[in-house]
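Note sheet for the following structure.
Below, all heavy atoms of this structure are taken into account, side chains as well, without hydrogens, waters or symmetry copies. Just so we're on the same page: letters track the sequence lines, and every chain starts at 1.
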Protein chains: 2
Amino acid sequence: MAITIKDIANKAGISAASVSRILTNRGRFSEETAHRVRELANEMGYFKNQSAADLSQKSSRVVGVLVPITHTNFADEIIKGMQSKAYELGYELLIAFVETTNQQQIKTVKSLLSRQLLAVVMLAIDIDDTVLAVLKSADVKLLSVSNQLNNDIPSISSDNYAMMHTIVDYLYDHGHRQMALIGSSDPDPIVAILRRRGFIDALTDHGISYNPDFIWGVDMTYQTGLDAIKKFGLPLPFTAVIGSADIISIGLLNGALDAGISVPSNLSIVTVDGTELTQLTRPILTATQQNFAKMGELAISNIANESLSSHSVTFTDITLIPAGTVTTIV
Amino acid sequence: MAITIKDIANKAGISAASVSRILTNRGRFSEETAHRVRELANEMGYFKNQSAADLSQKSSRVVGVLVPITHTNFADEIIKGMQSKAYELGYELLIAFVETTNQQQIKTVKSLLSRQLLAVVMLAIDIDDTVLAVLKSADVKLLSVSNQLNNDIPSISSDNYAMMHTIVDYLYDHGHRQMALIGSSDPDPIVAILRRRGFIDALTDHGISYNPDFIWGVDMTYQTGLDAIKKFGLPLPFTAVIGSADIISIGLLNGALDAGISVPSNLSIVTVDGTELTQLTRPILTATQQNFAKMGELAISNIANESLSSHSVTFTDITLIPAGTVTTIV
DNA sequence: TTGAAAGCGTTACCAA
DNA sequence: TTGGTAACGCTTTCAA
């Protein structure tokens with residue numbers, strides 16, 4: 001049997017109520033007894049039973065985090081940001097990986113919800129409607145990070161529309177007129193829609209008519225990048241390509257290499273995300289870097305502030321980081 | 001106020017005890033009432049309050065998982081394995097990322113332990129002694145995966161000693177006589193010790209005297225790989241190099257590229273781990289692949305079986321996967 | 001098959 | 001400043 005507050009109370013010759021007050025730093029107590037109690041707690045190897053505490057208190061300071069198990073490597077960066085902020089503000093994170101099958105998803109989500117949660121943060125997830133229904137039926141705040149959902153769920157992400165303008169402008173300034181966008185042709189996700197719209201509008205702004213064929217690739221995978229090069233064949237009908245995720249861009253780069261296309265002299269690549277992955281290639285990928293850590297921090301502080309109106313969309317900054325995969329065309 | 005079993009009981013005109021029995025599938029009840037109760041639970045949007053359940057029951061089926069936040073990308077694979085097994089056997093996973101500062105680590109671990117845990121699994125962590133002390137003081141089973149700890153904590157990992165033999169044999173068969181091992185010179189971790197010993201013994205078995213300089217590099221980082229090539233300079237004093245982690249090997253590969261060394265013609269590389277990262281390079285990395293998913297599954301089933309004697313070490317299989325970074329020397 | 005009641009460890013309210 | 005007590009939601013034992 002584990003040590004309880006009562007055991008400490010007995011040994012200290014005071015009541016459990018007092019021990020509770022001391023250990024949680026709530027209410028009034030003398031520093032004298034407090035000292036003794038804290039010492040005893042340490043000596044006796046006391047661990048708070050959070051289940052009991054949760055049960056007794058109404059509110060909780062636990063934030064559930066849903067992470068896709070098809071692990072985008074920027075999820076780590078978001079979690080890091082969340083964790084540091086949570087630590088600072090005294091919140092606790094409960095992380096759950098969500099699987100691909102619907103049945104398992106629901107089970108995972110339910111088991112998460114069966115802890116008394118204050119909020120659930122969804123990382124880069126386009127969650128199934130049935131799962132979303134379960135989440136909504138529970139009395140928790142919802143928040144989507146690095147993704148916007150179709151629904152009235154507040155979100156924190158990059159301004160994907162503006163990001164495309166930044167990239168297209170950059171490529172345009174380097175003389176490129178024919179550009180492709182790979183990995184954002186999935187019709188559903190809002191992020192993909194925004195990227196397509198931004199891409200097309202930016203081209204239009206520069207007086208470039210847009211070729212629908214040049215928006216290609218549904219999945220955010222390495223294979224999509226590889227396949228894109230094969231699909232368009234030689235000679236490539238564009239001089240620059242935007243990869244919608246670092247892993248796609250690595251696929252593009254390797255696909256180009258495999259096809260004997262030299263990067264950047266014969267093909268320029270700009271990648272979206274800007275994780276450490278971009279440093280692993282030769283040449284290093286030119287990237288628009290999203291501020292994932294910031295997204296994570298904002299997630300927690302927004303939850304803490306109760307500043308979550310539904311429909312609210314928060315953007316974090318993006319930075320274009322020039323590297324080795326864009327050349328100037330004369 | 002959330003729905004409780006009492007609410008359901010009232011509506012169904014039965015007692016809370018019965019509802020509990022039905023919803024947990026324990027004890028006896030009529031299928032007739034059961035059906036009605038389950039329906040009501042659904043309709044009313046009932047969520048079990050796991051805190052209350054944990055409090056009420058003695059035992060728990062929750063396994064805590066400590067994941068290093070400096071994210072080795074194989075951690076995902078282990079977690080996937082754990083999750084599928086946990087799902088199958090009815091266990092719940094509570095994942096916590098552990099930070100770098102000691103103070104935060106302890107806080108994270110304590111908050112994890114304050115849930116009623118059955119066991120704590122440490123993924124590839126060389127945990128600080130003070131943190132370990134906290135873990136040991138709690139009444140939970142401990143298990144280390146993909147790492148062996150100095151202490152009497154059972155572990156599941158690859159046979160790192162044998163793995164080095166496999167690699168050295170493979171390189172020897174391909175004509176290599178001068179080999180280096182990068183990223184395992186940290187004196188402390190048992191895994192590093194085993195790899196060094198395996199490396200040296202395997203060389204000895206082939207009658208090759210081992211050069212201490214050829215074991216180099218403490219950190220399991222990309223930079224270690226890059227630096228290794230710079231350190232040894234041109235011409236490289238060995239014909240083959242073993243990277244102690246995929247990310248190191250990518251560093252080695254890029255370092256070689258940067259130095260104008262062609263892989264594999266002028267340098268052969270074998271990597272340890274064999275995650276998807278190995279597919280991202282050109283040429284693709286020849287790897288000894290560890291079975292991370294299996295490690296995860298075993299972790300859960302060992303906990304379930306109570307088959308954890310301290311000092312017990314379980315190995316999973318490794319596979320050498322030939323690819324493009326090893327050449328034959330004549 | 002079902003119900004009543006006690007108990008899990010903690011917190012909060014009210015009284016001392 | 002402290003203590004007694006009820007309450008949180010669920011499970012379990014014993015009795016009906």
Are OP1 or OP2 of D:dT12 and a side-chain N or O of B:R26 less than 4.0 angstrom apart?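 For B:R26, the contact criterion (side-chain N or O under 4.0 Å from OP1 or OP2 of D:dT12) is met.
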Would you say A:K6 reaches C:dC8's phosphate, i.e. side-chain N/O to OP1/OP2 under 4.0 Å?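 For A:K6, the contact criterion (side-chain N or O under 4.0 Å from OP1 or OP2 of C:dC8) is not met.
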Could you tell me how far apart [X] ([atom1]) and [N] ([atom2]) are, to the nearest whole angstrom?
X: B:I8; N: C:dT2; atom1: CD1; atom2: C1'; answer: 17 Å
X: B:Q116; N: D:dC10; atom1: CD; atom2: P; answer: 15 Å
X: A:I14; N: D:dT1; atom1: CD1; atom2: P; answer: 14 Å
X: A:E31; N: D:dT2; atom1: CD; atom2: C1'; answer: 15 Å
X: B:I3; N: D:dC8; atom1: CD1; atom2: P; answer: 15 Å
X: B:D54; N: C:dT10; atom1: CG; atom2: P; answer: 13 Å
X: A:L23; N: C:dA12; atom1: CG; atom2: P; answer: 13 Å
X: B:F47; N: D:dC10; atom1: CZ; atom2: C1'; answer: 17 Å

Which nucleotide sits closest to the side chain of [X]: [options]?
X: B:S56; options: C:dG9, D:dT11, C:dT11; value: D:dT11
X: B:S15; options: D:dT11, C:dA4, C:dG9; value: C:dA4
X: A:A17; options: C:dT10, D:dG3, D:dT11; value: D:dG3
X: A:N49; options: D:dT11, D:dC10, C:dG9; value: C:dG9

Over all strands shown, is [X] touching base, sugar-phosphate only, or nothing at heavy-atom distances under 4.0 angstrom?
X: B:I5; answer: base
X: A:S30; answer: sugar-phosphate
X: B:S51; answer: nothing

With a 4.5 Å cut-off on side-chain heavy atoms, are B:R115 and A:E92 touching?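 Answer yes - side chains close enough.
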Contact between A:V98 and A:I69 at the side-chain level, heavy atoms closer than 4.5 Å - yes or no?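 No, every pair of side-chain atoms sits at 4.5 Å or beyond.
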Is there a donor-acceptor contact under 3.5 Å from the side chain of A:D7 to the main chain of A:T4?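 Yes, the answer is positive, given that a donor and an acceptor are paired below the 3.5 Å cut-off.
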Salt bridge or not for A:E43 and A:R36, using N-O below 4.0 Å?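 The answer is no: the pair does not qualify as a salt bridge.
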Assess the side chains of B:D128 and B:T130: does a donor N or O sit below 3.5 Å from an acceptor N or O?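 A donor-acceptor contact under 3.5 Å links the two side chains.
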Which residue lies toward the 5' end of DNA chain C, A:A53 or A:R21, if each is placed at its nearest nucleotide? A:A53
B:Q57 or B:T33, whichever maps to the more 5' nucleotide of DNA chain C: B:T33
